[in-house]
Amino acid sequence: MSQVFALIDANSFYCSCERVFDPRLNNRPVIVLSNNDGCAVARTPEAKALGIDMGAPFFKIRELCKKENVAVFSSNYTLYGDMSARSNQVYKMFTPDIEVYSIDESFLDFSGFQTRDLAVYGRELRQTVKQWTGLPTCVGIAPTKTLAKLANWTAKHVPDMQGVCDMTDRRKREALMRVIPVSEVWGVGRASTAKLNNMGVKTVWDLAELDPALGRQVLTVVGERLIHELRGTMCIALEQEAPLRKGCAVTRMFGHRITERDEIMEPMSFFAARLAEKLRKYDLGTNSITAFFHSSPHDAGPYHYEQGTVSFPEVTNDSSVLIRAVRRVVEAKYKRGVKYFKGGVMSMDLVGVEKAQRVLFDSLEAPQSESLMTAMDKINRKYGRGALKHATTGTQVKKGWSTQFNYKSPSYTTRMEELPKARA
DNA sequence: TCTGGGGTCCTAGGACCC
DNA sequence: TCTGGGGTCCTAGGACCC
């Protein structure tokens, strides 16, 4: 039995979540901003029509938004995460085998369902999701994940498909692949598009017809795999179990140029504390932490990039330990006179905490560390992030480098105080 | 010291994705 | 062109070992 995958994703997911709880937004252009209200990461078709590009910096489009009555929202991850979980519950009624690929995309295994009309099944799926969550979606169906992605793209861009594109039929598939630009293939970005176009590979079909060995030369094994996937041979399997994440980072612009060492300490310590929180949330620990801070490449004068790594004798996710390490890096690498504008911390060698090797003696962490961290996370979950924190991470409420969420909608589905109100 | 032919680990950088 | 803040995978090159 051959494989069949469906890729379902929500249209302008973040914007659609906002619309579900405020129908007045339905015919208005809506955008949702990235972390820190930096740039537009989700736009409804009405917003796209105004010329607002993916990733457009908010400060550049602020006036346009005001003039055109664009509804602007900060990212409300609590809401989107909950809506995502609800959607996946619905998907599981249509097949038990699903891979949650991102917050708004899931692959569904439809293998063995070929006895039915898959396009009809896809439309049923769409309708059920719409009815139960309020979210509009598109569905692409094909023998490989890469082709399912492509089918999904087609479903979005060809109006008379009614949101569902079934590409399991080879002939139908070929006709579409001959007219879709190669840049729309999953995994083909700007650089690869340029290389391929130079070789005369313009459409998806051209790429599928390319000699895999040549594909490997130009785009490494990733390119070779892509060619096989486009030909209908599965190379990328469904991954139902999310693998443990390998790295974790907290990075941010400082909000203004910083020249004093003590002033850098505060955001950097804060980043370390956030990283530790993230690790604890996922039951992960780390053997090392890397801290970096740098000037702006656009400022006059030479560019400075300072970086340092501290290794630990045992796996840890203790805020105090990580903060101390980061402060040591700043002490050692800071240069007087440089205008630093961005910094961050990261750990790239994460391990699950149960599996962690413990050192018997000379433990880095104070004996009560674990219960202290647990208590701290609990309090912060209840009273909001930053309710309880290390003194070194700053005592003022708002800083340039603290994340901005100035346009956030209520957590409609996860906080009793913020439930939507209905009048009957 | 150089010759041969492996192997591993680590880091940096490129490319892509959401 | 960069603007944000995360992630993943792949390759090349250096250090080191046998």
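These numbers come from a predicted model, not from an experiment.
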Trainee: So A/Lys246, base contact, sugar-phosphate only, or nothing? Heavy-atom distance under 4.0 Å.
Mentor: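 Touches sugar-phosphate only.
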Trainee: With ring centroids as reference points, do A/Tyr80 and A/Tyr14 lie under 6.0 angstrom apart?
Mentor: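 Yes - the distance between ring centres of A/Tyr80 and A/Tyr14 falls below the 6.0 Å cut-off.
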Trainee: Quickly work out the A/Leu33 CG to C/dG4 P distance and round it to whole Å.
Mentor: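 The answer, rounded to whole Å, is 12 Å.
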Trainee: Among C/dT3, B/dC16, C/dG6, which nucleotide sits nearest the side chain of A/Arg252?
Mentor: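 The listed nucleotide nearest to A/Arg252's side chain is C/dG6.
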Trainee: A/Gly187 near the nucleic acid: base, sugar-phosphate alone, or nothing, with a heavy-atom cut-off under 4.0 Å?
Mentor: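 Sugar-phosphate only.
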Trainee: Rounded to the Å, how far apart are A/Leu219 CG and B/dC17 P?
Mentor: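 Rounding to the nearest Å, CG of A/Leu219 and P of B/dC17 are 11 Å apart.
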Trainee: Closer to the 5' end of DNA chain C via nearest nucleotide, is it A/Ala249 or A/Tyr77?
Mentor: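 Residue closer to the 5' terminus by nearest nucleotide: A/Tyr77.
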Trainee: Which listed nucleotide (B/dC18, C/dT11, C/dG4) is nearest to the side chain of A/Asp104?
Mentor: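 The nucleotide sitting nearest to the side chain is B/dC18.
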Trainee: Please report, rounded to the nearest Å, how far the P atom of C/dC10 is from the CG atom of A/Leu226.
Mentor: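 So the CG-P distance, A/Leu226 to C/dC10, works out to 13 Å.
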Trainee: Looking only at the side chain of A/Tyr101 (C-beta and beyond, no hydrogens), which of the listed nucleotides C/dG6, B/dC17, B/dA15 gets closest?
Mentor: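 The answer is B/dC17, which lies nearest to the side chain.
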Trainee: Which of the following nucleotides, C/dG7, C/dG4, B/dC18, is nearest to the side chain of A/Lys278?
Mentor: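 The closest nucleotide is C/dG7.
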Trainee: Could you measure between the two P atoms, the one in B/dG4 and the one in C/dA12, and give it in whole Å?
Mentor: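 Their P atoms lie roughly 23 Å apart.
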Trainee: Would you mind reporting whether A/Met54 and A/Arg43 have side-chain heavy atoms less than 4.5 Å apart?
Mentor: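 They are in side-chain contact.
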Trainee: Students often get this wrong, so: under 4.0 angstrom with heavy atoms, is A/Val188 touching a base, only sugar-phosphate, or nothing?
Mentor: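 Contact class for A/Val188: sugar-phosphate only.
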Trainee: Which is true for A/Phe59 with a 4.0 Å heavy-atom rule: it touches a base, it touches only sugar-phosphate, or it touches nothing?
Mentor: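 No contact.
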Trainee: Between B/dC17 atom C1' and A/Arg245 atom CZ, what is the distance in whole Å?
Mentor: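 Atom CZ in A/Arg245 sits about 15 Å away from atom C1' in B/dC17.
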Trainee: Less than 4.0 Å between a side-chain N and a carboxylate O, is that true for A/Glu306 and A/Lys335?
Mentor: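 Yes, A/Lys335 and A/Glu306 are salt-bridged.
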Trainee: Looking at C/dG6, B/dC18, C/dC10, which one has an atom nearest to any side-chain atom of A/Val221?
Mentor: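 The nucleotide sitting nearest to the side chain is C/dC10.
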Trainee: Whole angstroms only, please: what is the NE2-P distance between A/His294 and C/dG4?
Mentor: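 Taking NE2 of A/His294 and P of C/dG4, I get 11 Å after rounding.
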Trainee: Would you say that A/Ser84 contacts A/Phe13 through its side chain, given a criterion of any heavy-atom pair below 4.5 Å between the two side chains?
Mentor: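 Heavy-atom side-chain distance check passes, below 4.5 Å.
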Trainee: For a quick test of reading the model: is some side-chain N or O of A/Ser102 closer than 4.0 Å to OP1 or OP2 of B/dC17?
Mentor: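 Answer is no, no contact under 4.0 Å.
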Trainee: Measuring from the side chain of A/Val250 (C-beta onward, heavy atoms only), which nucleotide among C/dG5, B/dA15, C/dG6 has the closest atom?
Mentor: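 My answer, after comparing the listed nucleotides, is C/dG6.
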Trainee: So what does A/Arg216 touch, heavy atoms closer than 4.0 Å: a base, only the sugar-phosphate, or nothing?
Mentor: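 A/Arg216: no heavy atom of the nucleic acid under 4.0 Å.
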Trainee: Write down the partner of B/dC18 under the Watson-Crick or G-U wobble criteria, each distance required to be under 3.5 Å.
Mentor: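 B/dC18 is paired with C/dG5.
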Trainee: Take the protein atom NZ of A/Lys342 and the nucleotide atom P of C/dG5, then report the distance between them rounded to whole Å.
Mentor: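 To the nearest whole Å, that distance equals 5 Å.
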Trainee: In whole angstrom, what separates A/Tyr80's OH from C/dG6's C1'?
Mentor: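 My rounded result for the distance is 16 Å.
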Trainee: For a quick test of reading the model: is some side-chain N or O of A/Lys60 closer than 4.0 Å to OP1 or OP2 of C/dT1?
Mentor: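 For C/dT1, neither OP1 nor OP2 has a side-chain N or O of A/Lys60 closer than 4.0 Å.
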Trainee: State whether the number of non-hydrogen atoms from other residues, nucleotides or ligands found under 6.0 Å of A/Lys281 atom NZ is greater than 12.
Mentor: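 12 or below, so no.
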Trainee: Among the candidates C/dG7, B/dC17, C/dG5, find the nucleotide nearest to the side-chain atoms of A/Trp186.
Mentor: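 Comparing C/dG7, B/dC17, C/dG5 against the side chain of A/Trp186, the answer is B/dC17.
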Trainee: Would you kindly give the CZ-to-P distance between A/Phe292 and B/dG13, to the nearest whole Å?
Mentor: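 Distance check: A/Phe292 CZ to B/dG13 P gives 13 Å.
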Trainee: Does A/Arg225 place a side-chain N or O at less than 4.0 Å from the phosphate oxygens OP1/OP2 of C/dC9?
Mentor: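 Result: no.
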Trainee: Indicate, with a heavy-atom threshold strictly under 4.0 Å, whether A/Lys149 touches base, sugar-phosphate, or nothing.
Mentor: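 Sugar-phosphate contact only - A/Lys149 comes under 4.0 Å of backbone atoms but never of a base.
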Trainee: Below 4.0 angstrom, N of the basic side chain to O of the carboxylate: do A/Glu277 and A/Arg274 qualify?
Mentor: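 Salt bridge flag = yes for A/Arg274 with A/Glu277.
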Trainee: Would A/Lys333 pass as a cation-pi partner of A/Phe293, given that its NZ or CZ must be under 6.0 Å from the six-membered ring centre and within 45 degrees of the axis?
Mentor: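 Not flagged: A/Lys333 not positioned over aromatic ring of A/Phe293.
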Trainee: Considering only C/dG4, C/dC2, C/dG6, which nucleotide approaches the side chain of A/Thr251 most closely?
Mentor: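 Nearest to the side chain of A/Thr251 among the choices is C/dG6.
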